[in-house]
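Reminder, nothing fancy here: chain letters follow the sequence lines and each chain counts from 1. The analysis underlying the following values was restricted to heavy atoms, covering all of them including side chains, and did not include hydrogens, waters or symmetry mates.
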Amino acid sequence: MQRYNPSEIEPKWQAAWQEQRVNEVDVDASKKKTYTAGMFPYPSGAGMHAGHAFGYTIVDVLARFYRQQGHNVLNPMGWDTFGLPAENYAIKTGTAPAVVTAQNIANFKKQFKRMGMSIDWSREINTSDPEYYRWTQWVFTKLFERGLAYQKESLQWWCPVDKTVLANEQVEGGHCWRCGSLVEKKSMKQWFFKITEYADSLLEEIPALDWPQKIKTAQTNWIGRSVGAEIEFLLEGSDQSITVFSTRPDTIFGATFVVLAPEHPLVKTLGVGDFKESLQEYVANAVKKSEIERTNDTKEKTGVFTGSYAINPATGENVPIWVADYVLGGYGTGAIMAVPAHDERDLAFAEKYRLPVVQVVVPETGTRQENPEFRQSIVAIVRNPHTNTYLSVNWGEKGGSLFIGGGMDDGETAIDTARREIAEETGYTSLKFISQSEAIHHHYFAHSKNVARHIQATPLLFELIDETQNDTALEADEKDQFTIEWLSEDEVLAKINDELHATSYQTLIGGYRHRGEGILVNSGAFDGTSTSDAREQVVDWLEQQGSGRAKTTYKMRDWLISRQRYWGAPIPIIHCADHGAVPVPEDQLPVVLPEIEDFAPKGDGKSALARATDWVNTTCPECGKPAMRETDTMDGYACSSWYLLRYTDPHNAEAAWDPATVNYWNPLEFYVGGDHAVAHLLYVRFWTHVFKDMGLVDFKEPVKKLVYHGYINAEDGTKMSKSKGNVVDPLDVINQGYGADALRTYVLFMGPIELDAAWSSKGIAGIYRFLNRIWTLSQEYLATSDRSFIGNDKAVTIARHKLVRKVTDDIHRLSFNTAISGMMEYVNDLYKLKVDGFSYDVWHDALTTLVQVIAPFAPHMADELWQQLGHEGFVQQALWPSWDDSLIVEDMMTIAIQVQGKLRGQLAISKDTDAEAVKAAALAHENVEKFIGDKKPAKVIYVPGRLVNVVL
RNA sequence: GCGCGGAUGGUGGAAUUGGUAGACACGAGAGACUUAAAAUCUCUUGACUUCACGGUCGUGCGGGUUCAAGUCCCGCUCUGCGCACCA
């Protein structure tokens with residue numbers, strides 16, 4: 001009998017696939033297409049690690065599965081080759097990045113092939129190949145023509161070690177994403193893509209994407225759309241004004257001061273008298289402080305008064321103007337109106353600098369009712385200062401524990417009402433009034449009076465002076481309805497559950513500040529309006545006076561693409577003294593990177609390209625006069641923003657792609673990755689949206705389903721890293737003798753793909769054992785000469801159909817670990833069933849089916865056994881097996897029997913037994929009878945085919 | 001702080017629609033084969049309890065809904081990740 005030897009069969013089949021070009025595809029309108037891809041790798045010198053193997057195995061299983069479904073499957077691969085590691089290596093060694101890159105690609109490609117990836121290598125692309133970046137540059141010129149690429153002087157993140165500008169997403173916690181050094185801000189002239197123009201378009205499509213929620217949320221937050229208003233605050237004694245941005249224009253009556261960011265242009269002209277010096281000092285300091293320091297000390301807010309005042313356009317009152325670094329220069333207008341009563345940050349600032357706080361929103365509790373009756377009322381809280389307890393009345397079933405409440409009579413003040421109600425209900429009269437707060441709006445239905453109520457309840461706090469309790473005015477039967485209790489703080493929090501009463505307590509004693517929606521107070525004509533309604537009304541009103549307008553802002557900034565590095569796609573721009581920035585005409589593309597000797601940037605903010613004078617000096621495409629090339633290169637993300645389109649038409653020398661071809665293949669059915677939540681995935685979407693607007697593609701969204709997988713950690717549970725020496729190299733695993741099939745199957749068996757998992761050398765051994773069992777089973781079958789029928793054919797057939805159903809289902813929901821466990825169960829079953837012998841044909845079918853369903857996971861063994869079982873061609877060329885639900889039905893079913901929801905027995909009974917008979921059989925079960933005893937079953941529930949539950 | 005996940009045996013995990021919790025695998029234990037070991041095959045394996053049949057408990061904690069809850073609702077704890085003064 002032949003031994004299972006992956007090192008022998010795997011290279012054999014890999015060669016056969018390549019030779020017969022089984023993975024190469026073309027447009028075929030007659031077939032259903034599936035386009036799968038993993039995020040293409042940066043081919044580093046270290047080669048692949050287990051994480052690569054994981055992600056690309058997911059892609060390959062999907063590609064192979066859909067080929068077996070008869071689909072025309074595009075599964076390409078390419079290389080994301082521009083970037084810092086190759087350039088840094090070049091700086092160190094003098095080897096041109098292109099040379100190192102070619103070596104790394106060769107190594108990666110070898111690994112992909114050895115893992116049995118079914119890639120169409122005829123479509124291989126490489127972003128640093130001039131034939132590729134020629135079209136990246138072409139896209140740049142198109143964006144430039146549409147005003148979506150522009151140049152601007154701005155403060156930018158600068159990595160002092162890598163000596164390059166970084167985009168916001170490349171700064172992680174104040175450090176460079178590549179080298180980890182602390183970044184700085186530097187003012188430079190930079191190129192940007194205007195992604196902000198597509199903010200709404202990108203946002204709109206997010207809900208419909210079949211992407212993991214966490215990525216969709218991350219993108220939504222990143223775009224950070226805020227609907228609000230810009231409001232003008234006139235400077236006192238001047239016709240200048242400060243424009244603030246607020247999402248809460250409804251709270252404008254509570255705006256008691258204005259705060260400017262230190263970078264705000266008006267700051268230079270402000271500063272009155274004595275304040276001028278401290279202001280200048282503060283601003284100088286804030287600007288010097290790096291942004292990291294500013295955002296790091298989140299707790300303590302600092303600021304200075306300018307000495308000037310602005311006029312609140314709603315109240316007409318003067319409010320002081322402050323400068324503080326908790327207001328960011330780059331967001332909104334760089335200025336805010338502070339509403340300390342309803343904003344945590346403003347409150348912290350106001351409390352520190354003793355600025356006024358004016359409440360303009362009161363909470364609204366309960367649920368709004370139809371046609372409510374309106375009443376003024378009170379909630380009175382009485383504190384006993386000696387025992388530190390609070391007076392409460394317990395209404396038992398009728399209303400739980402409450403403070404004292406009641407409606408105000410005509411002409412009565414809130415304090416009068418409270419004193420009267422306290423005396424009436426509890427008999428306490430010796431009280432000292434402490435404080436009251438703004439009335440809370442509360443909605444409820446008074447069942448006792450059968451009326452809907454909307455009350456405006458003023459919370460009041462009293463202290464008990466002496467504990468003498470007078471007679472209450474209540475009748476005896478009224479008295480019995482409740483009991484008086486004194487509650488400690490903890491008890492109050494636990495027992496006072498009524499929303500109005502709990503809020504009253506929080507407001508008076510807990511220092512509660514209302515921040516959400518509510519009802520306006522102290523807001524002139526808007527009193528009584530809900531904050532949500534007022535949001536629009538206030539903006540309309542301000543707009544009529546010319547002091548405000550609705551405005552939407554975004555957190556997202558434009559995409560900075562300039563890199564002062566050599567190893568990137570040159571920005572195809574020529575700077576002419578007369579014509580400014582002129583795009584390189586299409587027929588002069590690509591602008592090829594010149595070969596140079598010294599790749600190191602010299603810290604002058606320019607790339608090594610600037611020293612390639614022959615290359616830099618050129619002529620203006622407009623006028624032919626001497627001009628200079630742009631020396632910045634493009635962010636690598638630009639190259640990866642359109643490669644999914646280029647894969648479909650990779651050798652097109654006339655255009656970036658042929659629209660018909662792209663529209664056949666795209667968008668992708670599956671895009672697999674485990675990195676880049678926002679940056680790459682947002683940029684691909686942005687470019688595709690633009691291409692749609694340009695009429696270059698028929699779709700807006702490039703990726704139908706994003707498959708986002710977790711990390712594979714080292715055996716000790718920590719991240720794999722070269723320095724710790726715990727990296728698992730897929731090639732090592734294969735060469736140890738486990739083979740690619742075991743590796744592929746194992747990484748998918750580790751757990752659900754979205755979860756992180758730790759590599760286990762024991763685990764892969766287990767999978768190897770499983771593959772070996774399949775192999776052995778097949779060899780035993782092939783070696784059997786006795787072909788007589790003995791017994792378990794029906795059981796084998798049922799198992800086979802169940803297997804196909806389960807694996808098909810599980811692959812569809814990307815649950816590969818359970819698909820594999822289903823195959824294990826099947827193999828275990830076959831081992832048991834073979835004891836009784838088998839008939840030849842049934843076993844041939846049983847093994848053929850197994851080979852077909854395991855083929856996406858273990859394609860080499862599958863093709864080997866496929867051939868041994870006497871089939872033609874490759875497994876992938878045969879159609880996926882089908883199953884017949886009616887064949888899976890067994891004669892007997894197992895019914896669980898519960899008494900009072902607890903399992904008491906099991907019942908094996910014929911499948912076609914009717915419900916009444918099943919129930920009767922269940923009740924007759926010995927152990928069940930014991931638990932029923934003399935009691936009468938009140939109800940017997942039968943869930944067909946599953947269980948019977950007897951309720952007593 | 002805000003947002004999004006997660007918590008199930010010794011371990012990774014399964015339970016897809018509320019319906020027999022712990023599939024499958026790892027590890028552990030026992031047996032068969034072997035002079036022996038490895039490999040392979042078979043069996044056992046949540047805890048407690050019982051000679052056994054069986055019973056009690058059990059999906060982070062506390063409540064609730066239901067004939068029935070890992071699954072639904074309310075309130076917590078811990079934990080991972082993302083964002084983080086965005087007005």
Side-chain angles (χ1 to χ4, degrees), chain A residues 173 212-218 220-222 224-226 228 244-248 251 255 259 261 294-299 301 324-328 330-339 342-346 348-349 494 553-557 677-678 710 746 749-752 754-758 760-767 769-770 772-773 776 806 809-810 812-813 815 817-828 831-832 835 894-907 926-927 930-931 937-952:
Chain A
Q213 190 54 47
K214 72 169 183 179
I215 309 279
K216 297 210 281 186
T217 310
T220 306
N221 292 344
W222 183 263
R225 183 174 195 262
S226 289
V244 304
F245 175 73
S246 173
T247 55
R248 291 297 300 274
T251 62
V259 189
R294 272 171 63 178
T295 50
N296 261 358
D297 24 85
T298 46
K299 277 193 199 113
K301 292 196 168 27
D325 64 8
Y326 81 93
V327 173
L328 306 176
Y331 181 77
T333 59
I336 63 155
M337 63 177 203
V339 185
H342 306 289
D343 183 279
E344 206 180 340
R345 298 152 301 181
D346 295 345
F349 195 78
T553 60
Y554 302 88
K555 274 200 251 183
M556 182 170 69
R557 315 293 156 83
V678 174
Y746 174 61
F749 183 64
M750 293 173 85
E754 66 275 13
L755 257 49
D756 292 353
S760 156
S761 44
K762 293 267 175 57
I764 184 143
I767 287 289
R769 208 172 297 154
F770 162 62
N772 225 326
R773 276 162 72 81
T776 307
K806 174 156 181 66
D809 223 49
D810 284 353
H812 275 133
R813 60 191 184 99
S815 178
N817 57 330
T818 57
I820 294 164
S821 81
M823 293 187 267
M824 288 173 169
E825 274 182 273
Y826 176 71
V827 171
N828 291 345
Y831 265 79
K832 283 174 195 144
V835 174
T894 308
I895 303 291
I897 312 172
Q898 297 180 334
V899 179
Q900 303 284 70
K902 288 197 171 188
L903 184 69
R904 295 302 176 194
Q906 283 193 347
L907 192 62
E926 194 189 355
N927 201 40
K930 204 167 86 192
F931 277 92
K939 207 154 103 186
V940 180
I941 292 158
Y942 175 49
V943 183
R946 288 194 170 270
L947 62 75
V948 172
N949 190 12
V950 181
V951 187
L952 300 176

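- A close approach under 4.0 Å does occur between a side-chain nitrogen or oxygen of A/Ser226 and OP1 or OP2 of B/A87.
- As rounded to the nearest Å, B/C4 and B/U42 have P atoms that lie 48 Å from one another.
- Between the C1' atom of B/G80 and the CD atom of A/Gln213 lies a distance of 18 Å, rounded to the nearest Å.
- Among the atoms of the strands shown, only primed sugar atoms or phosphate atoms (P, OP1, OP2) are found under 4.0 Å from some heavy atom of A/Asn828.
- Here the side chain of A/Leu903 is nearest to one of B/A87, B/U20, B/C85, namely B/U20.
- Nearest-nucleotide assignment on RNA chain B puts the 5′-proximal partner with A/Ile895, out of A/Ile895 and A/Ala765.
- Using P as the reference atom, B/U16 and B/G22 are 13 Å apart when rounded to the nearest Å.
- As rounded to whole Å, 9 Å separates atom C1' of B/A87 from atom CG of A/Leu328.
- The side-chain heavy atoms of A/Arg773 and A/Thr776, taken from C-beta on, include no pair separated by under 4.5 Å.
- Comparing B/G13, B/C24, B/U20 by their closest approach to the side chain of A/Asn817 singles out B/G13.
- Across every strand in view, B/U65 sits unpaired, with no contact that passes the Watson-Crick or G-U test at under 3.5 angstrom.
- Rounded to an integer number of Å, the gap from A/Lys762 NZ to B/G13 C1' is 18 Å.
- Across all strands, A/Asp810 comes closer than 4.0 Å to base atoms (heavy-atom distances).
- Using a 4.0 Å heavy-atom criterion, one finds that A/Lys555 contacts the bases of the nucleic acid, with or without backbone contacts as well.
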**OP:** List the protein contact pattern of nucleotides 63-73 of chain B with one symbol per nucleotide (5' to 3'): B for base contact, S for sugar-phosphate-only contact, - for none; contact means a heavy-atom distance under 4.0 Å.
**Re:** ----BS-----

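- B/G5 is paired with B/U79 under the criterion used here, namely a Watson-Crick or G-U wobble arrangement in which both key atom distances are under 3.5 Å.
- Within 4.0 Å (heavy atoms only), A/Glu344 reaches no atom of the nucleic acid at all.
- Nearest to the side chain of A/Val943, among B/A14, B/G19, B/C24, sits B/G19.
- Counting any heavy atom pair closer than 4.0 Å across all strands shown, A/Gly766 reaches sugar-phosphate atoms only and no base atom.
- The phosphate of B/C41 has neither OP1 nor OP2 within less than 4.0 Å of any side-chain N or O from A/Arg769.
- At a threshold of 4.0 angstrom between heavy atoms, the contacts of A/Lys216 with the nucleic acid are absent.
- Checking B/G19, B/A15, B/C85 against the side-chain heavy atoms of A/Tyr326 singles out B/C85 as nearest.
- The pairing partner recorded for B/G12 is B/C24, the criterion being a Watson-Crick or G-U wobble arrangement whose two distances lie under 3.5 angstrom.
- Side-chain atoms of A/Lys806 and A/Tyr826, non-hydrogen and from C-beta on, never get closer than 4.5 Å to each other.
- Nucleotides B/A39 and B/G54, compared at atom C1', are 41 Å apart to the nearest Å.
- Straight-line distance between the P atoms of B/G9 and B/U59: roughly 9 Å, to the nearest whole Å.
- Put simply, A/Asn772 has no side-chain N or O that comes within less than 4.0 Å of OP1 or OP2 on B/U40.
- Two residues are said to be in side-chain contact when any heavy atoms from C-beta on lie closer than 4.5 Å; A/Ile941 and A/Gln898 fail this criterion.
- Ranked by how close their nearest RNA chain B nucleotide is to the 5' end, A/Gly751 and A/Asp809 are led by A/Gly751.
- Rounded to an integer number of Å, the gap from NZ of A/Lys301 to C1' of B/A87 is 11 Å.
- In this structure, A/Leu755 reaches the sugar-phosphate backbone alone: every heavy-atom distance under 4.0 Å involves primed, P, OP1 or OP2 atoms, never a base.
- Nucleic acid contact for A/Ser760: none, since no nucleic acid atom lies under 4.0 Å from a heavy atom of the residue.
- Contact annotation: side chain of A/Lys214 to base of B/C81, donor-acceptor pair absent below 3.5 Å.
- In this entry the distance linking NZ of A/Lys806 with P of B/A14 reads 10 Å, nearest Å.
- In this structure, the CE atom of A/Met823 is 19 Å from the P atom of B/A23, given to the nearest Å.
- The distance from atom CZ of A/Phe749 to atom CD1 of A/Ile764, rounded to the nearest 0.5 Å, is 12.5 Å.
- Comparing the C1' positions of B/U50 and B/A36 gives a spacing of 41 Å, expressed to the nearest Å.
- A/Val950 is not listed as a side-chain neighbour of A/Arg904, based on a closest heavy-atom distance of 4.5 Å or more.
- Base pairing analysis places B/U42 opposite B/A30; the two distances defining the Watson-Crick or G-U wobble pair are each below 3.5 Å.
- Between the P atoms of B/A28 and B/U35, the separation comes to 26 Å (whole Å).
- A perpendicular orientation is assigned to the rings of A/Phe245 and A/Tyr331, their planes being inclined by more than 60° (bins at 30° and 60°).
- Environment of CD in A/Gln900: crowded, with over 12 heavy atoms of neighbouring residues, nucleotides or ligands closer than 6.0 Å.
- The side chain of A/Lys902 places an N or O atom within less than 4.0 Å of a non-bridging phosphate oxygen (OP1 or OP2) of B/C57.
- Regarding contacts with the backbone of B/A87, a side-chain N or O of A/Tyr331 is found under 4.0 angstrom from either OP1 or OP2.
- Distance CG (A/Asp756) to P (B/G6): 14 Å, rounded to an integer number of Å.
- For B/A15 and B/G6, the P atoms lie 13 Å apart once the distance is rounded to whole Å.
- Across all strands, A/Tyr554 comes closer than 4.0 Å to no nucleic acid atom at all (heavy-atom distances).
- Rounded to an integer number of Å, the gap from A/Gln906 CD to B/C53 P is 15 Å.
- Closest to the side chain of A/Phe749, from the set B/C24, B/A87, B/G19, is B/C24.
- In this structure, A/Asp346 CG and A/Ile336 CD1 are separated by 4.5 Å, a value rounded to the nearest 0.5 Å.
- Contact annotation: A/Arg773 does not reach the phosphate of B/U40 (side-chain N/O to OP1 or OP2, under 4.0 Å).
- For the OP1/OP2 pair of B/U56 and a distance below 4.0 Å, the side-chain nitrogens and oxygens of A/Arg904 include at least one atom meeting the criterion.
- Taking only side-chain atoms of A/Met824, from C-beta outward, the nucleotide of B/A87, B/G3, B/A25 with the closest atom is B/A25.
- The side chain of A/Leu947 lies closest to B/U20 when the candidates are B/G82, B/C85, B/U20.
- B/G63 and B/C57 have their P atoms separated by 15 Å, given to the nearest Å.
- Between the side chain of A/Tyr746 and the backbone N or O of A/Gly766 there is no donor-acceptor pair closer than 3.5 Å.
- A glycosidic torsion no more than 90° from 0 defines the syn conformation, and B/G9 adopts it.
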